[in-house]
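Reviewing the structure listed below.
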Amino acid sequence: MTNKNKLTTEPTIYVTYIATTAEKCWAALTQSEFSKQYFFGQIVEGDWRAGGKIRYRMPDGSEHIEGEILNFDPPRHLRFTWRIVSMAGLKHLPDAIVSYRIEDAGEGVIRLTMLEEHPTPIDERLLGGGRSGWPAILSGLKSLLETGAVPKIAPPTPPQEMLDYMKEHGA
Amino acid sequence: MSAFVYVTYIYTTPQKVWDAITKPEFARKYWLHYNVSDWKKGSRWEHQKGDDSGEVMIDGTVLESDPPRKLVTTWTRPDKSKEPSRVTYDIAEYSPGLVCLTVTHDALENDPAMAASVSGGWPKVLSNLKSFLETGKSENIWLTKNKG
Amino acid sequence: MANSSFVYVTYIRAPKQKVWDALTKPEFQKLYWFGGHQESDWKKGSSWKMYMPQHGLTDTGEILESDPPNRAVIKWRNEFRPELKEEGYSRCVYELAQEDDLTKLTILHTIEKENAKLIHAVSGGWPRILSSLQSYLETGRAHGDTRSMAAQAHK
């Protein structure tokens, strides 16, 4: 049980090995025709240069996440600020930083490391969101790249303590 | 111009593209005319007007037939006033669920009027084919009322 | 004068303005141009730049003519492949005409050089992009790209 109002800068890390090429993994991370299959239906779009904008939109086109690209090094490293713009209870939060790093890890295999950084401390209870969301997203990405199809993963509900936080902050 | 090449990518299967070219009632939907043959190598092929008059607009011979991947026919004016040209349909699965259709119309050196005509016709036919396979709808491409 | 050219005509069941907007506005381009987009205000003399997810900045140039929603002419040079960049600027014409419910879109891409590698490259790319555009406008579903655009365009 985490303490209410305890702040943290602890990052969330998710590592997975995928039988694919760096180029294909990069394409799946950066093109909407792929992201909408594994990223809870969300469309990714970007200006594809350091300093450019990146966005994740809901299927109806409304903005969910907005950010600025900090590192752009295709097909190896994409790092960008991550700001939730759509949800009452979360949109007041400081920017997190999300990065995808793709490295060779054997013949025909890459290692994808997703890192969610919290440079400005946030309430500990919020970590549960990413910890439940990213595994579902990146497992779907792996299935897509390896089999061509994404299993129908039920979007995880945030842990209760995160829902409590959101309620306290206007959700 | 001696050859006209047109490449299009369609959300469909190779079999559906093959059927669209070779089944008369299917071709009628987007080409507005019929393609009639048993599609065996050496057999005759006729492009019959879609108004059911039986008028043969183009005819020829099937040179190669490898369903659903490749079909090659000659393309001849029925009055034989010019030498035949040749049409090749290459149907390939580009990625799962997406077909790459390449139509090559060559040997057109000796019939510049035909070359001009088909350069205008193929994009109409193949865009309409793509629309038909992806949406179920097609246009009357040979009859344009309003241009702008 | 020695010349290389690629011409492609497609008919799309959508109004001309919608086709123009899809061709020129980044919020639409991002939906069907394999994640890429262009930055320009499409006024004569303005700069024009294209960005793709795989490479970042891929092409630069200038708008030579602009007559929305009927015609545009772009001066266009590839930036990320040295052998294409050294061929210099090409010229790309977009022409749109309404024919009943269909928009006839003609792309004419030329360069003053024989057997130009750039034209060979775009000859592979344009049918992919325009097929995706037609699917997007007619069905709402664009095409994904399972190989990098560059590798495919140079086949």
Side-chain angles (χ1 to χ4, degrees), chain B residues 1-13 16-17 29-32 89-105 115-148, chain C residues 5-17 19-20 32-34 67 69-71 95-108 119-120 122-149 151-153 155:
Chain B
M1 172 188 52
S2 59
F4 177 81
V5 182
Y6 198 86
V7 180
T8 183
Y9 296 82
I10 310 172
Y11 272 129
T12 189
T13 64
K16 287 205 169 107
V17 176
K29 296 230 161 74
Y30 66 89
W31 207 321
L32 288 310
Y89 304 91
D90 281 296
I91 304 167
E93 190 182 50
Y94 181 76
S95 64
L98 189 66
V99 168
C100 176
L101 168 63
T102 305
V103 175
T104 306
H105 195 149
S117 169
V118 302
S119 320
W122 281 119
K124 285 191 173 185
V125 170
L126 299 174
S127 298
N128 219 20
L129 167 63
K130 176 180 160 72
S131 254
F132 178 64
L133 288 173
E134 291 190 0
T135 71
K137 290 183 261 190
S138 59
E139 302 290 319
N140 186 338
I141 49 178
W142 307 121
L143 182 75
T144 306
K145 296 181 281 292
N146 301 303
K147 290 200 185 206
Chain C
S5 74
F6 174 74
V7 63
Y8 196 87
V9 176
T10 186
Y11 292 81
I12 303 174
R13 192 182 314 108
K16 192 165 57 169
Q17 186 66 52
V19 180
W20 175 272
Y32 71 85
W33 203 302
F34 307 113
D67 173 28
N70 306 303
R71 181 180 164 87
E95 274 193 5
L96 289 79
Q98 192 82 51
E99 296 189 4
D100 294 330
D101 292 338
L102 299 176
T103 294
K104 177 183 180 185
L105 170 62
T106 305
I107 303 289
L108 173 63
I119 300 303
H120 178 70
V122 304
S123 307
W126 277 122
R128 294 273 286 125
I129 293 159
L130 298 173
S131 296
S132 180
L133 169 64
Q134 180 176 351
S135 294
Y136 167 64
L137 287 173
E138 293 189 1
T139 74
R141 185 185 174 199
H143 298 181
D145 183 23
T146 54
R147 298 171 238 189
S148 93
M149 275 297 287
Q152 191 51 29
K155 262 174 108 171

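The sequence lines fix the lettering, A, B, ..., with proteins before strands; numbering per chain opens at 1.
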Hey, is the main chain of C/V9 close enough, under 3.5 Å, to the side chain of B/Y6 for a donor-acceptor pair?
yes

Taking the side chain as every heavy atom from C-beta outward, state whether C/E138 and B/E134 have any pair of such atoms under 4.5 Å apart.
no

Find out whether B/K130 and C/T10 are in side-chain contact, i.e. whether some heavy atom of one side chain is under 4.5 Å from a heavy atom of the other.
no

If you take all heavy atoms of [X] and [Y], which pair is closest and at what distance?
X      : Y      : result
C/D101 : B/E139 : CB-OE1, 3.8 Å
C/Q134 : B/S131 : NE2-OG, 3.7 Å
C/P127 : B/Y9   : O-CD1, 3.7 Å

Does the plane of the ring in C/H143 sit parallel, tilted or perpendicular to the ring in B/Y11? Use 30° and 60° as the thresholds.
perpendicular

Residue, of C/T139, C/L102, C/L130, that accumulates the most heavy atom pairs under 4.5 Å with chain B
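Sorted descending by pairs with chain B, the first entry is C/L102.
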
